[in-house]
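First the structure, in the form of structure tokens, and then the observations on it.
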There are 2 protein chains.
Amino acid sequence: MNYVTIKDVAQEAGVSVPTVSQVLNNRGRISAATRQRVLDSAKKLDYIPNSAAISMRSSSTKTVGVLVPDINNSYFAYLISLITREFLASGYVCLIGSSSESLEGQDKFLHSLLTQRIDGAILVPQGTASHGLQKFVASGLPLVILDRKVKELADGGRIPIIDADPRPGITAAIEKVKSQGHSRIGFVHGPTSKSPNLLERQQVFIEVAGSQVGSPNAIVASHVSALSAIKDLLSRHVTTFIFGYSPDALEAIRYFHHIGLNIGEDVSIVSFDDIPIFELASPSISVISQQQKLMGNYGVATLLSLMEQRLRGEQQGESFDNLRIPTVFIDRESVGIR
Amino acid sequence: MNYVTIKDVAQEAGVSVPTVSQVLNNRGRISAATRQRVLDSAKKLDYIPNSAAISMRSSSTKTVGVLVPDINNSYFAYLISLITREFLASGYVCLIGSSSESLEGQDKFLHSLLTQRIDGAILVPQGTASHGLQKFVASGLPLVILDRKVKELADGGRIPIIDADPRPGITAAIEKVKSQGHSRIGFVHGPTSKSPNLLERQQVFIEVAGSQVGSPNAIVASHVSALSAIKDLLSRHVTTFIFGYSPDALEAIRYFHHIGLNIGEDVSIVSFDDIPIFELASPSISVISQQQKLMGNYGVATLLSLMEQRLRGEQQGESFDNLRIPTVFIDRESVGIR
DNA sequence: CTGTTAGCGCCTTCAG
DNA sequence: CTGAAGGCGCTAACAG
């Protein structure tokens, strides 16, 4: 079961090999008659191009890499499905990798991306940059960083960074909460205190909530575990909880349920990240959405343009600003009247 | 930023191109001195092999395709992370696709797999076989079908099918339920009545539960919506619910919560598929696990051996039995004493 | 308008 | 033990 080659098609159509290539790529001037004959033969033999051969000549593989922290996180699973769909539509194939595995596994993945001569990659980096990641970035490939910034990877603006601006969402959430009569608001930071994103969310909370309900009523709890943070806030008579990290919110929902507090009545909550379960939960959970769809779309569009630019042989002159997508507050049932 | 080629390495090491190839592939007899010199040059220049060039000669791309129904389903997300990790460890890169999108999108993905000259694929097919899927299967590539059988794709045993045997799990679940004093057990089939898997689960339930608690007490509810099925079963004084499809169980949990029935006390439930949320829920949900990890491992191992076999030029003689992995009952908190 | 020539990066004979 | 020649499938440049 060897694949049909362009040569087989040429033979079948009674023309030379390059002629077939011309026809299939709409290059050069070919008579309508020959053209049709070639097309017929190709279809008849079910010719399928060999992308390896094509990329050898074109120095473009029509392949991109996508690295996320964890495929098993529905937030990233959604991002992946979004990204792969868009790239597929533009004729690109995606190689997916997850860094949740060992650093070793991640570096192996990145190396295989290089081996595959990918045209570019979208990275959602996590924590500190591994050696492999730094080498990867240094390769000069068209790259887009999504959702998180890693300062180790900063490269003087060569690499576009697209992430979410927490301020609009937090502001809207706090306004809503306040309008419902809540005056003591807690922010749960949870255990993953290293992420710059999470730190920023906390920072913005302190500013915004402080000015809305007064600093003493805007309380941040950042303990070793989310649970202890929640208990701490409860003991300090907080009536609304804002979660910067969605797994913490899930933990809180379980805990409140466990101790018999009704969400939306006894206690109000808002979480970052609009993952599906929040919409399906009862009561449904109000969220500060990162607009991942927009983020994914921008990311793909940006990478596509970077890759095209390089294909045309242009030097990448411009340096990129950090594109920030505003978060939006999605009001559901978990914020009740005080 | 052109890539370093074997030629560059040869030049740097002061040897010919084939010599470098020999060294890098541990072929032929090369003196230790030259060998070392070549290795040093390769490392110094940071040589990264071009897999396109390699695959052109070897007719092996070290690439496999993976098609799942929906990446956004955590069951499949987990399967993907499992599969990609294993393949990566064996030197293969995975191309991931989801058929949840349009049939058109799926066929486009499958076509691009062919274009990429993948060495094999793991398929978790869904519903009826599209034209593209049938053509794909007809290509004769090494294939493994996971988790679901699609009769349209049956090919006289050429393609190994690995799925789960629902009987052991269902049997254990019903024994447990019975030992807790429950005597009326309902099975919720839900809306997706087309899947052969779901039909089999129902079939086995009828047999096993029928013989354990008597046919009149083993009630199947298969309505247009899971919710109406649940209500129906409630009205018929069922005290234990078994769900063949995990999204239905999630819906039930919400509903029971909504109407104030306590799971594990007022009502007991068991669901198929051990997705993370069941373990984290409170009370945690007892499940009939498909042992996806085992299934994934077997699938990968089987495909690897099929691909190796073909690489060695062997005809695939044997035909495969349908390998069935026993389901297991994982007892948690959602089954209470009656 | 179509065929010839050459070469992408690599590996496999086969001479030397 | 090492180098020279040829070819995998495809396309760009040039002849005819």
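We name chains A, B, ... by the order of the sequence lines, and we start the count at 1 in each one. What's counted below: heavy atoms across the whole structure, side chains too, no hydrogens, waters or symmetry copies.
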Rounded to whole angstrom units, what separation is found between the CD atom of A:Gln36 and the P atom of C:dC1?
-> 16 Å
Just how far, in rounded Å, is C1' of D:dA13 from CG of A:Asn25?
-> 15 Å
Enumerate all atom pairs, one protein N or O and one N or O from nucleotides 7-9 of chain D, separated by less than 3.5 Å.
residue, atom, partner, partner atom, Å
D:dG7, N2, B:Arg57, NE, 3.4
D:dG7, N2, B:Arg57, NH1, 2.6
D:dG7, N3, B:Arg57, NH1, 3.1

B:Lys293: partners by side chain to side chain donor-acceptor pair (under 3.5 Å), with sequence neighbours left out | none
Specify the residue among B:Arg35 and A:Ile48 whose closest nucleotide of DNA chain D lies further upstream toward the 5′ end.
-> B:Arg35
To the nearest 10 degrees, what angle separates the axes at the start and end of the helix from C:dC1-D:dG16 to C:dG16-D:dC1, five pairs each?
-> 50°
Sequence neighbours excluded - salt bridge (Lys or Arg N to Asp or Glu O under 4.0 Å) pairs with any residue from residues 42-55 of chain A = A:Glu12-A:Lys44, A:Asp46-B:Lys135
Distance check: side-chain N/O of A:Thr34 vs OP1/OP2 of C:dC1, anything under 4.0 Å?
-> no
When we call it a touch if two heavy atoms are under 4.0 Å apart, what does A:Val15 touch: a base, just sugar-phosphate, or nothing?
-> sugar-phosphate
Can you list the steps and then say if B:Asn50 with B:Thr5 is a side-chain contact (heavy atoms from CB on, under 4.5 Å)?
-> CA-CA 8 Å; B:Asn50 180 333; B:Thr5 76; over 6 Å; no
Go through B:Thr63 and B:Leu95 one step at a time and tell me if the side-chain contact (heavy atoms from CB on, under 4.5 Å) criterion holds.
-> CA-CA 7 Å; B:Thr63 299; B:Leu95 295 166; 3.6 Å; yes
Got a sec, which residues hit side-chain contact (heavy atoms from CB on, under 4.5 Å) with A:Ser90, two or more places apart in sequence or on another chain?
-> A:Tyr92, A:Leu304
Would you list the atom pairs, donor with acceptor, under 3.5 Å between side chains in residues 113-121 of chain B and any protein atom, with sequence neighbours excluded?
residue, atom, partner, partner atom, Å
B:Thr115, OG1, B:His111, O, 3.4
B:Arg117, NH1, A:Ile48, O, 3.4
B:Arg117, NH1, A:Pro49, O, 3.2
B:Arg117, NH1, B:Leu114, O, 3.0
B:Arg117, NH2, A:Ile48, O, 2.7
B:Asp119, OD1, B:Thr61, N, 3.0
B:Asp119, OD1, B:Thr61, OG1, 3.3
B:Asp119, OD2, B:Ser60, OG, 3.0
B:Asp119, OD2, B:Thr61, N, 3.3
B:Asp119, OD2, B:Lys62, N, 2.7

Residue whose closest nucleotide on DNA chain C lies nearer the 5' end, A:Gly14 versus B:Pro18 | A:Gly14
Any A:Thr19 side-chain N or O less than 4.0 Å from OP1/OP2 of C:dT2 | no
N/O contacts under 3.5 Å, protein versus nucleotides 14-16 of chain C?
none

What is the distance from CG of A:Asn26 to C1' of D:dC10, rounded to the nearest Å?
-> 16 Å
Kindly write out the residues that satisfy side-chain contact (heavy atoms from CB on, under 4.5 Å) with B:Leu323, not counting sequence neighbours, or none if the list is empty.
-> B:Ile162, B:Tyr298
Go through the structure and list residues passing side chain to side chain donor-acceptor pair (under 3.5 Å) with B:Glu308, not counting sequence neighbours.
-> none
What residues, two or more places apart in sequence or in another chain, satisfy side-chain contact (heavy atoms from CB on, under 4.5 Å) together with A:Asn25?
-> A:Ser21, A:Arg27
If you look at every strand shown and take non-hydrogen atoms under 4.0 Å, does A:Ser31 touch a base, only sugar-phosphate, or nothing?
-> sugar-phosphate
Only counting residues at least two apart or in another chain, list the ones meeting side chain to side chain donor-acceptor pair (under 3.5 Å) with B:Ser16.
-> B:Thr19
Of all residues at least two apart in sequence or in a different chain, which pass the side chain to side chain donor-acceptor pair (under 3.5 Å) check with B:Lys7?
-> none
